[in-house]
Amino acid sequence: MDHDETEQSSTDVDALARRIDRPVVLVGMMGTGKSSIGRRLSALLHLPFVDADEAIEQAAQLSISEIFERHGEGAFRDGERRVIARLMDGERKVIATGGGAFINPETRALILAKAITVWLDADIDTLVERTTRKDTRPLLRQGDPREILTRLRDERRPAYAEAPIHVTSGRGPQARTVARVLKEIDAWL
Ligand code: S3P
């Protein structure tokens, strides 16, 4: 296994952390591992971690499924836009966004202007495998999850592709994806 793909010395990471002057925002489809990769990044960089979906749930005092059921997707998207605008306060932190957040043009422009934006991508088999472990995503209950994921991934790709940093999260260890994200941020800054 390639050493620099799997780990990096803490001095390298500390030096990179000092150069990070904005929030790091992870965007991309559900099932790419934004939340778990984000948690690992935040621990390595010694920065706070915020899961935007959890922040929306806290603000609404409802789960995402409940928001969709009781108020509809439009209300969820409104809440998502407001929560992300609030999180873009210039503070250094790592933020995992829900898969649809970056598709809103206003939210996308705000994130691109204020953050270091990383698009995490994965192939369809990986997305299907990772999203079927939990039944917490209302959009995937509307039909065949593989078809929905394939359609959304195709529709959303042009928006995600506006992110300046693109990392594919494969089936290998998450530490490898984390190392790639760090390397790409380092190269981009
Ligand atoms: C959504 C993704 C979910 C969540 C909601 C809608 C989407 O977040 O925000 O179910 O539109 O792709 P994850 O990407 O964290 O699963």
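Cluster annotation: Leu110 and Val24 are assigned to distinct hydrophobic clusters (Ile/Leu/Val/Met/Phe/Trp/Tyr, side-chain heavy-atom contacts under 4.5 Å, transitive). There is no path of hydrophobic side-chain contacts, each under 4.5 Å, that joins Met30 to Ile37. Trp119 and Val178 fall into different hydrophobic clusters, defined by Ile, Leu, Val, Met, Phe, Trp and Tyr side-chain heavy atoms under 4.5 Å apart, directly or through other members. Connection of Ile165 to Ile84 is not established within any shared hydrophobic cluster, with ILVMFWY side chains joined at heavy-atom distances below 4.5 Å, either directly or through further cluster members. Both Val27 and Val50 sit in one connected hydrophobic cluster of ILVMFWY residues. Membership requires side-chain heavy atoms under 4.5 Å apart, directly or through other members.
Between Ile185 and Val118, some side-chain heavy-atom pair lies under the 4.5 Å cut-off. Residues Val128 and Pro145 fail the side-chain proximity criterion, which asks for heavy atoms closer than 4.5 Å. For the pair Glu73/Leu139, a side-chain contact is recorded, criterion being any heavy-atom separation below 4.5 Å from C-beta on. Considering only heavy atoms from C-beta on, Pro164 comes within 4.5 Å of Leu112 through its side chain.
Under a 3.5 Å cut-off, the side chain of Arg92 and the backbone N or O of Ile20 do form a donor-acceptor pair. Between the side chain of Arg141 and the main chain of Asp135, a donor-acceptor pair closer than 3.5 Å is present. Using a distance-only test at 3.5 Å, with no hydrogens or angles considered, no donor-acceptor pair links the side chain of Arg70 to the main chain of Leu62. In this structure, the side chain of Lys34 does not engage the main chain of Leu120 through any donor-acceptor pair within 3.5 Å. With hydrogens and angles ignored, the 3.5 Å screen pairs no side-chain donor or acceptor of Glu57 with any backbone N or O of Ser63. Distance alone, capped at 3.5 Å, is enough to place a donor-acceptor pair between the Ser169 side chain and the Thr32 backbone. Within the 3.5 Å criterion, the main-chain N or O of Ala122 finds a donor-acceptor partner in the side chain of Arg153. A donor-acceptor contact shorter than 3.5 Å links the side chain of Thr97 to the backbone of Leu26. Checking side-chain atoms of Tyr160 against main-chain N and O of Phe102 turns up no donor-acceptor pair under 3.5 Å.
Residue Val25 is tested with Ile111, Val94, Ile116 for a side chain to side chain contact (heavy atoms under 4.5 Å, CB included); the sole match is Ile111.
Between atom CD of residue Gln174 and atom CZ of residue Arg39 there is a gap of 10.5 Å, rounded to the nearest 0.5 Å. The distance from atom CG of Leu140 to atom CG of Leu149, rounded to the nearest 0.5 Å, is 5.0 Å. Rounding to the nearest 0.5 Å gives a distance of 5.0 Å between CG of Leu87 and NZ of Lys93. In this structure, Lys183 NZ and Leu16 CG are separated by 13.0 Å, a value rounded to the nearest 0.5 Å. For the atom pair CD1 (Ile64) and CD (Glu54), the distance works out to 8.5 Å, reported to the nearest 0.5 Å.
Sorted by first and then second residue, the side-chain hydrogen bond (donor to acceptor under 3.5 Å, both in side chains) pairs involving residues 13-28 (not counting sequence neighbours) are Arg19-Asp186. The ring pair (Phe, Tyr, Trp, His ring centres under 6.0 Å) pairs that include a residue from residues 39-73 are Phe68-Phe76, where partners are two or more places apart or lie in different chains.
The minimum heavy-atom distance between Thr177 and Gly170, with the atom names listed, is OG1-N, 4.2 Å. In this structure, Ala55 and Val83 approach most closely via the heavy-atom pair CB-CG1, 3.7 Å. Smallest separation of non-hydrogen atoms from Ile95 and Pro23: CD1-CB, 4.2 Å. Of all heavy-atom pairs spanning Ser65 and Thr136, the tightest one is OG-O, 3.6 Å. Taking each heavy atom of Ile67 and Ala60 in turn, the nearest pair found is CD1-CB, 3.8 Å.
Salt bridge status for Glu184 with Arg180: absent, with no side-chain N to carboxylate O gap under 4.0 Å. With respect to the salt-bridge test (charged N to carboxylate O, under 4.0 angstrom), the residues Asp125 and Arg146 qualify. The pair Arg81-Asp78 meets the salt-bridge criterion, since a charged nitrogen lies less than 4.0 angstrom from a carboxylate oxygen.
Listed by chain and residue number, nothing satisfies the side chain to side chain donor-acceptor pair (under 3.5 Å) test with Arg157 (two or more places apart in sequence, or in another chain).
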For this session: Might you work through the side chain to side chain contact (heavy atoms under 4.5 Å, CB included) test for Thr150 and Asp154, ending with a clear yes or no?
Result: CA-CA 6 Å; Thr150 306; Asp154 288 347; 4.2 Å; yes

Problem set entry | Steps toward side chain to side chain contact (heavy atoms under 4.5 Å, CB included) verdict (Arg77, Asn104) | CA-CA 8 Å; Arg77 297 298 174 199; Asn104 176 299; over 6 Å; no

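No side-chain donor-acceptor contact under 3.5 Å links Thr107 and Glu80.
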